[in-house]
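What follows is one structure encoded as structure tokens, with my remarks underneath.
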Amino acid sequence: MYFCDLEYDVVVIGAGHAGCEAALAAARMDMKTVVFSINIDSIGQMSCNPAIGGLAKGHLVKEIDALGGQMGITADLSGIQFKTLNMSKGPAVWSLRSQSDRVVYKNVMKTTLENQPGLDIKQEEVVNLLIDKGVVSGVESNLGVRYRAKAVIITTGTFLNGLIHIGLKNMPGGRAGEFPSVGLSECLSSLGFKVGRLKTGTPPRIDSKSIDFSQLEVQSGDSEPDMFSLLSSGPVLPQLNCYRTYTNEQTHEIIRANLDRSPLYCGKINGIGPRYCPSIEDKVVRFSDKPRHQVFLEPEGLDTTEYYANGISTSLPFDVQVSLVQSIPGLQKAKIMRPGYAIEYDFVDPIGLKPSLETKNVSGLYFAGQINGTSGYEEAASQGLIAGINASLMVKGMKPLVLKRSEAYIGVLIDDLVTRGTEEPYRMFTSRAEYRLVLRQDNAWERLTPHGIRIGLVSGEREKIYYNLLGEVDTALKYLKNTRVTTKEGVRFVTEDLIQPGSSLHQVLKRPGITMRDIIERYQSELKFSRESMKRVEIKVKYEGYVARQMQAVDRFNSMEHKIIPEDFDYSALSGLSNEVRDKLKKVKPRSIGQAGRIPGVTPAAVSILLIALEKRRFF
């Protein structure tokens, strides 16, 4: 063993979606950074679905971009279909989703890392952490090389003791065709981290030459699509359709007849799978009253014939996969290019983390992504970005960036993990956010870009665009409030009896059925604003009353978040608490009174006792 000649500020282990964001954030914050990957050709690999965003996940990607992250830019450059979901509902739950060219996405991300100043890339497996008196001091690779570091971020995805299942056969693997990481999992257990087991899966990939598209429903993208990044003006690649079909009773019967060959149902898989994204076996068993389930056929890219069969993730044997796929309309002659499989992997209980994603056991050590029990590219990238930011801030001797639940979906995600933990793969939903009316995807830049500017991740063109948008929105709002319509002009919008003479355009825009596009068409010579700012103005005007009411609730929430609990507070000396509550408080070590109240099992009465005790001790 020997030390590398170079010493680093930040070491990142893993180069998936979490690792890429962590490494880029640290390097862009002037940290001397290195990222390790078992296979550097897999940097930024889309292991499962070739898509970014979706319900609530689109919010996360917009927030990543607002903070200065990379995922949104890469998704825009590789997107072959863009579609905003939930448009029939209010803007709080609109969520952008893009279908990506898998190869282009990976290549863009890999090239971005390779050309990032201050970032080194190493193809080595990290097998051990170097710890000195409870503080991380570096890592050791499988080549016997030791690298010194001031902070280490672990983003191993599904590679920790990964085990792939296809039927009753299994094989070690982090994903299909790649070796797992074994030594690091043992190292974490030896350091006292609580290691558990989770499971996820992927569907078969189908050769498009064998698909009868005439039997499928076309799923087209938006004609004027939104983009994830403020730096993007529109799609750069040709746009493709996706398609929809359905399973049927024949499909379900094939699955039921072969459950004895399913590793999920014969005890071969011990890990807990995702409740909200189950395998087709799980769907058929758990929802036996459903006569069919949706299957979305999604292109993997422009230069491949592979299609992703979204909706039929499975670990059944290959021969059963062929039968079940060919029972589906449009797929009667389908040829499977890659079989579906399930994968089990180790994760670490996220209650062992601080809200900064630094571990409580070891100073300077951060976890991000599926190692924390989450599922999904977007959840992983969000954590990677925050871990990269906070590792850099720690090295600089600055306070960590902790986003509140009232401030960002990223804040909801991390708070849920570190406060409540998880026993199954955690997936983000809009319903998890109490204040989703103010956490819309359209205002992510307004909420979070000031943080990005302050910590140094948003600068140059991004910062310029941000301030231009702020100026446009402010100018447009003033124009709407100060411009009044005559009765004759009012008729152009609706009818004479609906708009009172002298009404401001601000009042007119509040009316149902009136859009900013209507106003722009009639005041074209005067209004010269970007589409992004116009969208923001329309939502801001139409929902300002609802937002104002929710902001009152946010203020009440923040008042509890600002009541900070000292890290070394002695809960043992606090009388009036049950042993169960005392143990939960000791385990989580809540950062604030607000977080204490969100710990499962901590009652309002217990929170009152804690609040009174802290006030008596004049902590706030």
Side-chain angles (χ1 to χ4, degrees), residues 47-49 157-178 180 185 195-206 245-297 308-329 331-332 334 336-347 370 373-376 422-427:
S47 307
C48 194
N49 193 0
T158 60
F159 279 73
L160 279 184
N161 275 341
L163 187 65
I164 291 173
H165 297 266
I166 301 177
L168 301 184
K169 298 180 179 180
N170 58 58
M171 63 208 81
R175 57 177 161 239
E178 297 191 46
S185 187
V195 177
R197 200 82 170 146
L198 293 178
K199 166 256 177 187
T200 188
T202 189
R205 272 64 161 184
I206 298 170
T245 183
Y246 299 88
T247 63
N248 51 53
E249 187 52 41
Q250 181 187 355
T251 315
H252 301 176
E253 184 52 41
I254 291 169
I255 293 168
R256 284 191 289 264
N258 288 280
L259 287 176
D260 61 330
R261 302 176 66 195
S262 166
L264 188 64
Y265 283 91
C266 64
K268 291 287 185 181
I269 294 178
N270 298 314
I272 300 171
R275 182 191 314 181
Y276 302 105
C277 189
S279 66
I280 188 62
E281 300 97 289
D282 247 356
K283 290 179 185 177
V284 169
V285 172
R286 288 165 51 190
F287 308 106
S288 57
D289 58 319
K290 301 291 184 183
R292 65 180 191 173
H293 296 284
Q294 294 185 117
V295 181
F296 291 96
L297 296 173
Y308 181 93
N310 193 345
I312 53 171
S313 290
T314 182
S315 56
L316 286 164
F318 182 71
D319 62 303
V320 181
Q321 292 189 34
V322 172
S323 297
L324 79 86
V325 165
Q326 291 183 347
S327 71
I328 298 170
L331 304 180
Q332 293 92 336
I336 294 177
M337 298 178 72
R338 306 184 203 223
Y341 62 86
I343 182 167
E344 283 186 283
Y345 57 94
D346 288 347
F347 82 108
Q370 285 176 288
T374 58
S375 174
T422 187
E423 296 181 349
E424 62 184 43
Y426 178 102
R427 181 179 179 180

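Nothing here was measured: the structure is a model prediction, and the numbers come from that model.
- The two residues Ile312 and Ile280 have their closest heavy-atom pair at CA-CB, 3.9 Å.
- Between Thr245 and Pro329, the closest heavy-atom pair is OG1-O, 2.9 Å.
- To the nearest 0.5 Å, the span separating CG on Leu324 from CD on Glu253 amounts to 12.5 Å.
- Within 6.0 Å of CZ on Arg338 lie no more than 12 heavy atoms contributed by other residues, nucleotides or ligands.
- Looking at Arg205 and Tyr308, their side chains come closer than 4.5 Å, going by heavy atoms from C-beta outward.
- Val325 and Leu331 make their closest contact through O-CB, 3.3 Å (heavy atoms, listed as atom of the first residue, atom of the second, distance).
- Rounded to the nearest 0.5 angstrom, Arg427 CZ and Ser375 OG are separated by 7.5 Å.
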Evaluate the side chain to side chain donor-acceptor pair (under 3.5 Å) criterion for residues Thr247 and Arg292: first the C-alpha distance (whole Å), next the side-chain angles of each, then the deciding distance (0.1 Å), finally the verdict.
CA-CA 5 Å; Thr247 63; Arg292 65 180 191 173; over 6 Å; no
Please step through side-chain contact (heavy atoms from CB on, under 4.5 Å) for the pair Met337 and Ile206, ending with a clear verdict.
CA-CA 5 Å; Met337 298 178 72; Ile206 298 170; over 6 Å; no
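- Other residues, nucleotides and ligands contribute at most 12 non-hydrogen atoms within 6.0 Å of the NZ atom of Lys268.
- Distance OG1/Thr374 to CG/Leu198: 9.5 Å, rounded to 0.5 Å.
- A 4.5 Å side-chain heavy-atom check between Tyr341 and His165 finds every atom pair outside the cut-off.
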What's the verdict on side-chain contact (heavy atoms from CB on, under 4.5 Å) for Leu316 and Ile255, showing C-alpha distance, side-chain angles and the deciding distance?
CA-CA 8 Å; Leu316 286 164; Ile255 293 168; 4.2 Å; yes
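- A pairwise comparison of heavy atoms in Ser185 and Leu160 identifies N-CD2, 3.7 Å as the closest pair.
- Distance check, rounded to the nearest 0.5 Å: NE2 of His252 to NZ of Lys290 gives 11.5 Å.
- Counting non-hydrogen atoms of other residues, nucleotides and ligands closer than 6.0 Å to CD of Glu423 gives a total of 12 or fewer.
- Residues Gln370 and Thr158 have side chains in contact (heavy-atom distance under 4.5 Å, counting atoms from C-beta outward).
- When side chains are defined from C-beta on, Leu297 does not count as touching Asn310, because their heavy atoms never get closer than 4.5 Å.
- Smallest separation of non-hydrogen atoms from Leu168 and Asp260: CD2-O, 4.4 Å.
- If you check the side chains of Tyr265 and Asp282, you find a donor sitting under 3.5 Å from an acceptor.
- Two residues are said to be in side-chain contact when any heavy atoms from C-beta on lie closer than 4.5 Å; Tyr426 and Glu424 fail this criterion.
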Go through Glu281 and Thr314 one step at a time and tell me if the side chain to side chain donor-acceptor pair (under 3.5 Å) criterion holds.
CA-CA 7 Å; Glu281 300 97 289; Thr314 182; 3.0 Å; yes
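- Proximity of a side-chain donor or acceptor of Gln321 to a complementary backbone N or O of Gly340 within less than 3.5 Å is detected.
- The shortest side-chain heavy-atom distance between Ile166 and Ser315 does not fall under the 4.5 Å cut-off.
- Taking every heavy atom of both residues into account, Cys48 and Thr202 meet most closely at SG-OG1, 3.7 Å.
- Proximity of Tyr345 to Lys199: side-chain heavy atoms (C-beta onward) are nowhere separated by under 4.5 Å.
- A 4.5 Å side-chain heavy-atom check between Pro291 and Glu249 finds every atom pair outside the cut-off.
- Note: Ile272 CD1 to Glu344 CD = 10.5 Å, rounded to the nearest 0.5 Å.
- Asn248 contributes a side-chain N or O that, together with a main-chain N or O of Thr251, makes up a donor-acceptor pair within less than 3.5 Å.
- For the atom pair OG of Ser323 and CD of Gln250, the computed distance is 9.0 Å after rounding to the nearest 0.5 Å.
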